[in-house]
Chemist: 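Structure in structure tokens, see below.
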Amino acid sequence: GIWRVAGTSGTPELIVELDDGESAHGPQMLPGGEWVLFTLLPAGGGGWDSGQIVAHSLSTGERVILLEGGRDARYVDTGHIIYSLNGVLFAISFDLDNLAVRGGPVPLVQGVQSAGGTTGAAQYGIARDGTLVYIPGGANASSGLSLASVTQDNDTESLTAPMRDYLAVRVSPDGNRVATTIDDQGNLDIWIWHLDDGPLTRLTFDEAADQHPLWSPDGTKVVFWSGRDGGGLYSKSSDGTGEVEQLSESTTSQRPQGWG
């Protein structure tokens, strides 16, 4: 949930309670101190770009959905809500008195980096004088990340894998493949890259976030956390055959680290 604590420290107070499987990001108190603006990711709702921009009353518990689709919304004094969707920052007119958006969204900046499926964050900030700062990246950026190998002697070799938004890389036990998470327009999936120049193949296809891959000791399976069906740890054959198997249930992201 969303909690509040005095600026001078003290006991935290729960101010917005969430249902099982829901996640929240970026709470901001709206002027007047009655309503909280934040991004809500419903249970099984996929990636953060499919989240809801909502306002929540602290006195009555009423929740108003302002926008369907978007992340990391901020209210600015010009009477607008700024938010990110698929790497693009948008602004939309906001009627604070009636808690309603007016008109349609207007794109401000394309190619803004986000935290992928890790959190609902988009990497931007707005000063009180209207200055906007941001980190380039995201689905509309021309750049990406490349893969490289490094020896114990610190010799680095670039790999021929295509430039993508890689978030994690795990080398297979036989040293011939890597399992990685790729952020594709806000949706996280597990991919496999063969170190002998490819190919790069997609292992998971669910709309929910699939991330944090871990190889089985024999290299035949990849274990990962997924937000599908309420969330949990899953596995799939590393050659892409067969169905995804659920191993455990968890509504919060888990990062498998090793085998006992």
Side-chain angles (χ1 to χ4, degrees), residues 23 44 46-49 86-87 113-119 121 123 137-139 141-260:
S23 298
W48 280 99
D49 282 309
N86 294 328
Q113 185 64 267
S114 73
T118 306
T119 73
Q123 311 300 345
S142 59
S143 61
L145 299 175
S146 60
L147 296 181
S149 63
V150 183
T151 68
Q152 293 182 351
D153 297 326
N154 204 32
D155 293 329
T156 302
E157 178 185 358
S158 296
L159 304 180
T160 58
M163 301 280 282
R164 302 292 295 272
D165 286 332
Y166 300 106
L167 298 178
V169 176
R170 290 289 187 96
V171 180
S172 63
D174 61 11
N176 294 326
R177 296 169 293 170
V178 296
T180 178
T181 304
I182 293 179
D183 183 351
D184 184 9
Q185 301 187 31
N187 187 35
L188 302 182
D189 279 297
I190 308 298
W191 294 67
I192 304 294
W193 168 255
H194 293 256
L195 290 172
D196 54 352
D197 295 334
L200 179 66
T201 58
R202 186 173 174 179
L203 188 68
T204 64
F205 295 85
D206 198 87
E207 293 182 355
D210 298 326
Q211 55 186 329
H212 310 318
L214 173 69
W215 292 92
S216 63
D218 60 4
T220 62
K221 294 182 179 295
V222 175
V223 175
F224 57 94
W225 184 87
S226 176
R228 67 185 75 194
D229 300 326
L233 291 179
Y234 292 77
S235 72
K236 186 175 182 180
S237 295
S238 59
D239 61 4
T241 61
E243 300 296 325
V244 172
E245 177 187 1
Q246 185 172 13
L247 304 178
S248 68
E249 297 181 0
S250 173
T251 58
T252 57
S253 178
Q254 295 179 335
R255 187 188 299 269
Q257 298 289 354
W259 291 79

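The figures that follow rest on heavy atoms only: side chains count, while hydrogens, waters and symmetry mates do not. Model, not experiment: these values are computed from the prediction.
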Chemist: Using the side chain to side chain donor-acceptor pair (under 3.5 Å) criterion, which residues pair with Arg177? Sequence neighbours excluded.
Modeler: Ser238
Chemist: Going from CG on Leu147 to CH2 on Trp193, what distance comes out if it is rounded to the nearest 0.5 angstrom?
Modeler: 8.0 Å
Chemist: Sequence neighbours excluded, which residues qualify as side chain to side chain donor-acceptor pair (under 3.5 Å) partners of Ser248?
Modeler: none
Chemist: List the residues meeting side chain to side chain donor-acceptor pair (under 3.5 Å) with Ser172, not counting sequence neighbours, and say none if there are none.
Modeler: Asp174
Chemist: With Ser158, which residues qualify under side-chain contact (heavy atoms from CB on, under 4.5 Å), at least two apart?
Modeler: none
Chemist: Pro199: what forms a side-chain contact (heavy atoms from CB on, under 4.5 Å) with it, not counting sequence neighbours?
Modeler: His194, Thr201
Chemist: How far does OH of Tyr234 sit from OG1 of Thr204, to the nearest 0.5 angstrom?
Modeler: 12.0 Å
Chemist: Quick one: does Leu195's side chain get under 4.5 Å of Asn176's, heavy atoms only?
Modeler: no
Chemist: Please list, chain by chain and in numerical order, all residues satisfying side chain to side chain donor-acceptor pair (under 3.5 Å) with Ser237, sequence neighbours excluded.
Modeler: none
Chemist: Arg202: what forms a side-chain contact (heavy atoms from CB on, under 4.5 Å) with it, not counting sequence neighbours?
Modeler: Asn187, Asp189, Trp191, Phe205
Chemist: For Ala148, check side-chain contact (heavy atoms from CB on, under 4.5 Å) against everything at least two apart and list the hits.
Modeler: Thr156
Chemist: Tell me every residue that passes salt bridge (charged side-chain N to carboxylate O under 4.0 Å, His left out) with Asp183, counting only those two or more places apart in sequence or in another chain.
Modeler: none
